[in-house]
Student: 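This structure is in structure tokens; I'll ask about it shortly.
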Amino acid sequence: MYSGKRTDVVDFGGEMDYSNVKWFQDAPSRPTPAPQPQEQPPAPQYHPSPHVIDQNEGFEYALSAAPNVLYQRYKQYGQLGVLGWCSEFSELIDNLKELGFSGNMFVTTRTQALKTCEEILQLKMEDVKMQLVTMYLSSQVARLRRFLDADRVWNDYPDPSFPLEPK
């Protein structure tokens, strides 16, 4: 139980006289700096395995083709094609995240992924009227962007155009 009052300190009252105490007369000794090593050998360069190179090349190809595939699905199946493509894109994002978490994503793959996000949002798909499809597509792009560059804020997402007035 805590009572709020300390019982290990006894206060006899009155003020202590510190007038004869000489404060800060003896400076503390400074520790001697440790000698610096002359030259550290450079860190060994990273040489990715052929499997990692192939993975990154495959992702770069898939990402560069993604906007064209999306537009083809849109032209072929309309809004449902976009919705289906978003599901496939989600799988691609999951695999990209796995590649990145394992430390094997190349800078070129990351750059291509960010460029793909911009290209997807710039596609002219006027017939996509369902807010659900627009929001799902935007959320997948935002998910990939958050993984690749969490500090940046993007404002190029399409407006879902919710009906504001009931008819």
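Not measured: the values here are computed from a predicted model. Sequence positions, counted from 1, serve as the residue numbers for this chain.
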Student: Roughly how far, to the nearest 0.5 Å, is OG of S139 from CZ of R143?
Tutor: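 Rounded to the nearest 0.5 Å, the CZ-OG separation comes to 8.0 Å.
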
Student: Does V69 share a hydrophobic cluster with Y61, counting links as ILVMFWY side-chain heavy atoms below 4.5 Å and allowing steps through other members?
Tutor: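 In one cluster: no.
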
Student: Do F101 and M105 sit in one hydrophobic cluster, given that two such residues count as connected whenever their side-chain heavy atoms are within less than 4.5 Å of each other, even indirectly?
Tutor: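 The answer is yes; both residues are in one hydrophobic cluster.
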
Student: Looking at E98, I want to see if its CD is surrounded by more than 12 non-hydrogen atoms of other residues, nucleotides or ligands under 6.0 Å.
Tutor: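 No, not enclosed.
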
Student: Return the NZ to CG distance between K97 and L148, rounded to the nearest 0.5 Å.
Tutor: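 Atom-to-atom, K97:NZ and L148:CG are 9.5 Å apart.
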
Student: Within the structure provided, determine whether P48 and F106 are in side-chain contact (heavy-atom separation under 4.5 Å).
Tutor: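 Of all side-chain heavy-atom pairs linking F106 with P48, at least one is under 4.5 Å.
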
Student: What do the steps show when you test L137 against M125 for side-chain contact (heavy atoms from CB on, under 4.5 Å), and what is the final call?
Tutor: CA-CA 12 Å; L137 176 64; M125 297 184 285; 3.9 Å; yes

Student: Can you measure from SG (C86) to CE (M135) and round to the nearest 0.5 angstrom?
Tutor: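 Separation between the atoms: 12.5 Å.
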
Student: Heavy atoms only: give me the nearest C117-L144 pair and the separation to one decimal.
Tutor: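 Between these two residues, the closest heavy atoms are SG-CD2, 3.6 Å.
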
Student: Are side-chain heavy atoms of L99 and F59 found at a separation under 4.5 Å?
Tutor: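 Yes - at least one pair of side-chain heavy atoms lies under 4.5 Å apart.
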
Student: Between T116, T108, T109, which is the residue that forms a side-chain hydrogen bond (donor to acceptor under 3.5 Å, both in side chains) with Q112?
Tutor: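 In the set T116, T108, T109, the residue that makes a side-chain hydrogen bond (donor to acceptor under 3.5 Å, both in side chains) with Q112 is T116.
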
Student: Start with the C-alpha distance between E57 and D54, add both sets of side-chain angles, then the distance that settles side-chain contact (heavy atoms from CB on, under 4.5 Å), and finish with yes or no.
Tutor: CA-CA 5 Å; E57 287 175 351; D54 290 341; 4.0 Å; yes

Student: Could you give me the CA-CA distance, side-chain angles and deciding distance for Y157 and T134, then say whether side-chain contact (heavy atoms from CB on, under 4.5 Å) is met?
Tutor: CA-CA 9 Å; Y157 296 103; T134 304; over 6 Å; no

Student: Quick check: is L132 connected to L80 through a chain of hydrophobic side chains (ILVMFWY, heavy atoms under 4.5 Å apart)?
Tutor: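 As far as the 4.5 Å side-chain criterion goes, L132 and L80 are not connected within one cluster.
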
Student: Which class fits the ring pair W85 and F89: parallel under 30°, tilted 30 to 60°, perpendicular over 60°?
Tutor: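 W85 and F89: parallel rings.
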
Student: Does the side chain of W154 reach to within under 4.5 Å of the side chain of L114, using non-hydrogen atoms?
Tutor: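 They are in side-chain contact.
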
Student: Is the count of non-hydrogen atoms from other residues, nucleotides or ligands lying under 6.0 Å from Q25 atom CD greater than 12?
Tutor: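 Yes.
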
Student: Show the numbers, then the answer: is there a side-chain contact (heavy atoms from CB on, under 4.5 Å) between L92 and L63?
Tutor: CA-CA 9 Å; L92 179 69; L63 287 165; 3.8 Å; yes

Student: Measure across Q140 and S90 and return the closest heavy-atom pair with its distance rounded to 0.1 Å.
Tutor: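 Closest pair (atom of Q140, atom of S90, distance): OE1-CB, 3.4 Å.
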
Student: Side chain of N56, backbone of V52: donor and acceptor closer than 3.5 Å?
Tutor: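 Confirmed, N56 side chain pairs with V52 backbone.
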
Student: Do Y77 and L83 come within less than 4.5 Å of each other through their side chains, counting heavy atoms only?
Tutor: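 Side chain of Y77 against side chain of L83, heavy atoms only: no contact under 4.5 Å found.
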
Student: So do L96 and R110 actually touch side chain to side chain, heavy atoms under 4.5 Å?
Tutor: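 SC-SC contact between R110 and L96 ruled out.
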
